[in-house]
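Keep in mind that what you see is a predicted model, and the values were worked out from it rather than measured. The sequence lines fix the lettering, A, B, ..., with proteins before strands; numbering per chain opens at 1.
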Amino acid sequence: MTTALHAQQVWFAYPRHEPVLRAVSLTIPAGKHTVIMGPSGTGKTTLLRVLAGILKPSRGTITVFDEPLAGRSQRQLSSLIGYIPQQLGLVRNLSALDNVLMGALGRLGDAQTLLGIFPRAEIDAAHGALDMMGIDHKSDEQVFHLSGGERQRVAIARTLLQRPRLVIADEFASDLDLVLAYEILGRIRSAAEKNHITFIMSMHRIGLARKFGDEVLAMENGAIVQGFIGNEYLETKSAEASA
Amino acid sequence: MRPSFFVPLMVAAFLAASLAHLGLFDWQRLTRGVRNLGILGGEMVPPDLTILPTAAAALWETVEMSFAGTLLGFIAALPLSVLGTRNLFANWLSSLARFVAASIRTIPVLLWAIVFVILVGLGPLAGTFGIAAYTVGYLAKIYADLFEGTDPEIIEAVQSTGASKLQLVRYVIVPETANAILAQVLFMLEYNIRASSVLGFVGAGGLGLVIQIYLQSLDYRRLATVLLLVLAIVLVMDGLSAWLRKRFLLSTQGT
């Protein structure tokens with residue numbers, strides 16, 4: 001089994017604050033969907049931002065597909081890692097299609113893109129990604145006018161156009177109702193299989209984690225809870241919830 | 001004393017002291033002023049409309065100066081404000097850009113007009129450059145602050161697609177702040193039309209020269225016509241910018 005991401009004894013602290021991440025070590029298998037669960041305020045978002053190369057760890061090493069993360073620019077990382085923040089990070093004044101096309105910015109030069117010119121192939125690919133998420137009929141709509149679920153689809157389509165090998169998404173589909181969340185996560189699964197993408201998502205809803213996660217990691221107080229294997233954490237938590 | 005009373009009390013004390021020093025409590029002088037206002041008002045009516053063609057030509061020059069000056073200033077302010085965006089560029093570079101903008105802004109528009117009268121001679125060109133200079137200083141600061149306020153999550157998300165800084169400006173920062181960019185440039189245009197009506201005082205063209213002549217010759221009925229024209233153009237500008245706002249800004253309301 002190949003490893004998509006490996007973190008070894010990763011610590012992180014904001015300046016003059018207590019550490020948010022304490023000696024986190026984890027291995028994410030390639031081609032699987034790993035869900036990170038845990039109560040809010042436990043450091044899930046910080047962990048994902050460190051794994052995505054947005055924050056630099058205070059200590060510890062991270063490798064992505066056997067290459068070290070440290071010292072690489074976001075542009076260099078963009079062909080490896082896609083990142084979707086909790087609020088999705090879409091530009092509201094632009095259309096769905098424009099937002100998706102931003103996924104291609106990393107491999108296109110300044111000169112043409114500053115004039116708003118994208119190669120035909122990229123535009124076709126952007127429509128394809130929107131279509132895969134079931135939202136291509138709204139490609140010309142401003143993101144402002146889209147619903148929460150539609151925005152999630154656009155955010156995924158942008159990441160698909162970026163063509164990374166690993167996608168890290170923070171609290172994805174968390175505010176959606178279950179039926180809609182299942183549908184979108186199902187589409188992500190088939191898109192991921194087709195494009196050989198590994199997913200890491202943080203979630204706090206057990207039902208979604210059970211549905212989506214091949215692997216589940218539990219986090220508490222800035223550390224990965226050791227001793228849980230596979231879906232054991234889910235069983236414990238759902239037993240607690242129903243008790 | 002509770003601190004919540006301290007600040008208002010200090011402000012009130014300083015206000016009273018300033019007003020006393022500036023002569024507001026000289027009642028004799030104030031009553032004379034009110035009487036004069038009546039006389040001045042009386043001498044202004046009816047406005048002398050025979051000078052309308054002269055005044056209208058001068059007014060048009062003022063509008064041209066304001067429009068051209070505002071747009072030139074806007075175009076120059078954009079790159080300067082991008083450089084002044086601290087979360088995009090190195091600290092020394094954005095500080096330098098902000099320092100340049102602050103230095104330009106320190107000089108009031110009337111002084112800029114004088115500087116350009118010296119540089120390019122009497123006439124509306126000096127006024128246009130004066131307006132452009134002041135506009136750069138003002139907009140560059142406003143826009144830099146605006147750009148810095150862009151939702152960091154969006155910047156992070158698009159940065160992780162590998163976008164360059166220029167691409168970030170083009171695809172995130174400008175679209176996210178487009179409403180405020182437009183609103184500020186319209187505000188600046190209105191402001192410049194009012195401001196440029198006095199630039200003629202220093203020989204920088206436009207309506208100011210006409211105003212100065214009528215003021216100095218105590219020709220208040222003609223002055224009244226000019227002031228009515230300024231009022232008219234300001235009202236027209238208000239209406240125009242309200243229409244533009246509705247036309248371009250409404251589509252993004254509501255999230």
Please check if the number of heavy atoms outside [X] that lie under 6.0 Å from its [atom1] is greater than 12.
X: B/F129; atom1: CZ; result: no
X: A/D66; atom1: CG; result: no
X: A/Y14; atom1: OH; result: yes
X: B/F89; atom1: CZ; result: yes
X: A/H17; atom1: NE2; result: no

Taking B/E176 for its side chain and A/V91 for its backbone only, find out whether a donor-acceptor pair lies under 3.5 Å.
-> no
Just by distance, do the side chain of B/T161 and the backbone of A/M102 share a donor-acceptor pair under 3.5 Å?
-> yes
So for [X], is it side chain, backbone, both, or neither that comes closer than 4.5 Å to the heavy atoms of chain B?
X: A/L77; result: neither
X: A/Q162; result: side chain
X: A/L101; result: neither
X: A/Q76; result: neither
X: A/I54; result: side chain
X: A/L90; result: backbone
X: A/L55; result: neither

Are the side chains of B/Q159 and A/R75 in touch, meaning some heavy atoms are under 4.5 Å apart?
-> no
Student check: side-chain heavy atoms of B/V158 and A/R158 closer than 4.5 Å | yes
Hey, which of B/A163, B/P175, B/G162 has the most heavy atom pairs under 4.5 Å with chain A?
-> B/G162
Among residues 144-155 of chain B, which residues come closer than 4.5 Å to chain A, judged by heavy atom distances?
-> B/E153, B/I154
Per-residue contacts, residues 164-173 of chain B versus chain A, heavy atoms under 4.5 Å = B/S164, B/L166, B/Q167, B/R170, B/Y171, B/V172
